[in-house]
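None of the values given here were measured: they were computed from a predicted structure.
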Amino acid sequence: MFDLATIWAAIIAFSVLTYVILDGFDLGIGILFPFAKSDKDRDTMMNSVAPVWDGNETWLVMGGGGLFAVFPLAYAVVMPALYMPITLMLLALVFRGVAFEYRWRAEKWKPVWDVAFAGGSLLAAFCQGIALGALVQGIEVADRAYAGGWWDWLSLFSILTGVAVVFGYALLGSTWLVMKTMDGLQAQMRSFSWPLAFITLALIGVVSLLTPLQNPVYFDRWFSWPQLGYSAIVPILLAYATYRLLKGLKQDRDVSPFMASLSIFVLCFAGIGISFYPNIVPPSLSIAEAAAPEESLSFALYGTVVLVPLILIYTAYAYWVFRGKIDPSEGYH
């Protein structure tokens, strides 16, 4: 149960989850960017994540690099299957990252970089959801190679998951801004959080109902006994997180709506893990089959047990230093 391949699968899952919950609200701010009432509000929105946004994406690099290093077969299967959405996501993140730097200096082109920031955020979020939906559907493997078609990743289900991720990230972004901003912008984002919460929860419900139908194995893992005794914990906790989210919004809390939104994402990620395990590429490629040789797993683990705590420490430190409300008069340099 705790062999090196499983440990590495847990490390990569942790890296992906950390990326999702950290860069999720970051992308959500970009999705909400066009709806700000003034250029000053847009500046404040961007300033709320300016000190941490590039550090958030460290976890994406670690997840992708770790997959390549320790599960090369999974990497070799997933990349050709999801080449288009992953390429579009990376290009979107590039445009978005450039917009962070250029928007403050190229005044004449500021509207262009606003579009790049918002459009890049929207496209990156949508492509991440598309990729997730394609994985849940399952990737066809034959003779240890991808055996599907060029457009297998595109389906009604993957589009649905793409839309769900966009609204989910927007909810993270709005609740983050409720926590970090004041006055008119905070009030606007609080008003946005209500419909975003209901739409996100509705989409989570639809995707959750459709997921067991994508593969009979998923259905068994969720509804057969004794697995049902463990898997039922996830929807129960999800209901509690939903209650905390709505209660926090109703009581005009600053912090609890954001923390509840993060909890919802963590629980959805746990649900995906229940559906996938012990496969790393559903429906047929297991963690053990996709893993590199034991020597490679062991060698890479030595560096990782040092690197991951260091990343966690500097990430926590950055958030601690830039804690509290954003001063609208301060700029990004």
Which donor-acceptor pairs under 3.5 Å do the side chains of residues 60-70 make with protein atoms, sequence neighbours left out?
none

Under 3.5 Å, sequence neighbours excluded: what are the donor-acceptor pairs made by side chains of residues 167-179?
residue	atom	partner	partner atom	Å
Tyr169	OH	Gln128	OE1	2.7
Ser174	OG	Ala170	O	3.4
Ser174	OG	Leu171	O	2.9
Ser174	OG	Ser193	OG	2.9
Thr175	OG1	Leu171	O	2.9
Thr175	OG1	Leu172	O	3.1
Trp176	NE1	Ser48	OG	3.2

Assess whether side-chain contact (heavy atoms from CB on, under 4.5 Å) is satisfied between Leu135 and Ile272, documenting all intermediate values. CA-CA 10 Å; Leu135 275 174; Ile272 294 170; over 6 Å; no
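- The CZ atom of Phe276 sits 14.0 Å away from atom OG of Ser286, with the distance rounded to the nearest 0.5 Å.
- Between the side chains of Asp3 and Thr6, at least one donor-acceptor pair of N or O atoms lies under 3.5 Å.
- Not a single donor-acceptor pair under 3.5 Å links the side chain of Lys180 to the backbone N or O of Lys325.
- Although no hydrogens or angles enter the test, the distance criterion places no donor-acceptor pair under 3.5 Å between the side chain of Arg190 and the main chain of Ala187.
- Across every non-hydrogen atom of Gln137 and Asp152, the tightest pair is NE2-O, 3.6 Å.
- Looking at every heavy atom in both residues, Ser275 comes nearest to Thr211 through OG-CG2, 4.1 Å.
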Let me have the donor-acceptor pairs involving side chains of residues 74-98, under 3.5 Å, with sequence neighbours excluded, atom names and distances please.
residue	atom	partner	partner atom	Å
Thr87	OG1	Tyr83	O	2.7
Arg96	NE	Ser121	OG	2.7
Arg96	NH2	Asp26	O	2.8
Arg96	NH2	Asp26	OD1	2.1

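- Listed by first and then second residue, the ring-ring contact (aromatic ring centres under 6.0 Å, His included) pairs involving residues 186-213 amount to none (not counting sequence neighbours).
- A salt bridge does not link Asp43 to Lys40: none of the charged nitrogens lies less than 4.0 Å from a carboxylate oxygen.
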Using the rule given for side-chain contact (heavy atoms from CB on, under 4.5 Å), can you reason through Leu32 versus Leu196, listing the C-alpha separation, both sets of side-chain angles and the distance that settles it, and then say yes or no? CA-CA 11 Å; Leu32 297 172; Leu196 288 172; 4.2 Å; yes
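- Looking at Phe269 and Ile21, their side chains never come closer than 4.5 Å, going by heavy atoms from C-beta outward.
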Please report, to 0.1 Å, the donor-acceptor pairs under 3.5 Å made by any side chain of residues 297-314, with sequence neighbours excluded.
residue	atom	partner	partner atom	Å
Thr304	OG1	Ala300	O	2.8
Tyr314	OH	Thr58	OG1	3.2

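- Under a hydrophobic clustering in which Ile, Leu, Val, Met, Phe, Trp and Tyr are joined whenever their side-chain heavy atoms come within less than 4.5 Å, directly or via other members, Trp151 and Val141 fall into the same cluster.
- The minimum heavy-atom distance between Ile287 and Ala9, with the atom names listed, is CD1-CB, 3.7 Å.
- In terms of modelled atom types and a separation under 3.5 Å, the side chain of Thr200 and the main chain of Ala197 share no donor-acceptor contact.
- Both Leu262 and Ile233 are members of a single hydrophobic cluster when ILVMFWY side chains are connected at heavy-atom separations under 4.5 Å.
- Phe322 and Phe258 are members of different hydrophobic clusters when ILVMFWY side chains are connected at heavy-atom separations under 4.5 Å.
- When side chains are defined from C-beta on, Ile159 counts as touching Ile130, because their heavy atoms get closer than 4.5 Å.
- The two residues Tyr19 and Leu27 make their nearest non-hydrogen contact at OH-CD1, 4.1 Å.
- At a threshold of 4.5 Å between non-hydrogen side-chain atoms, the residues Pro282 and Tyr218 count as touching.
- In summary, the side chains of Gln186 and Asp254 do present a donor paired with an acceptor at a separation below 3.5 Å, with no hydrogens or angles considered.
- Residues Phe126 and Ile199 share a single hydrophobic cluster, defined by chaining ILVMFWY side chains whose heavy atoms lie under 4.5 Å apart.
- Not one N or O on the side chain of Ser15 forms a donor-acceptor pair closer than 3.5 Å with the backbone of Trp59.
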Report, one line per pair, each donor and acceptor closer than 3.5 Å where one atom sits in a side chain of residues 235-252; sequence neighbours left out.
residue	atom	partner	partner atom	Å
Thr242	OG1	Leu238	O	2.9
Gln251	OE1	Arg253	NE	3.1
Gln251	OE1	Arg253	NH2	3.3

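- Here the CG-CD distance, from Leu4 to Glu294, works out to 5.0 Å after rounding to the nearest 0.5 Å.
- When all heavy atoms of Pro34 and Gly30 are compared, the closest pair comes out as CD-O, 3.7 Å.
- Residues Val206 and Leu209 fail the side-chain proximity criterion, which asks for heavy atoms closer than 4.5 Å.
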Assess the residue pair Ile204 and Ile264 against the criterion (side-chain contact (heavy atoms from CB on, under 4.5 Å)); give the C-alpha distance rounded to whole Å, side-chain angles, the decisive distance to 0.1 Å, and a yes or no. CA-CA 10 Å; Ile204 289 173; Ile264 289 171; 3.6 Å; yes
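- Contact record, Met45 with Leu185: CG-CD2, 3.9 Å, taken as the closest heavy-atom pair.
- Interatomic distance, Leu160 CG to Leu210 CG, rounded to the nearest 0.5 Å: 6.5 Å.
- Side-chain heavy atoms closer than 4.5 Å link hydrophobic residues (I, L, V, M, F, W, Y) into clusters, and following such links, possibly through other members, connects Leu213 to Leu132.
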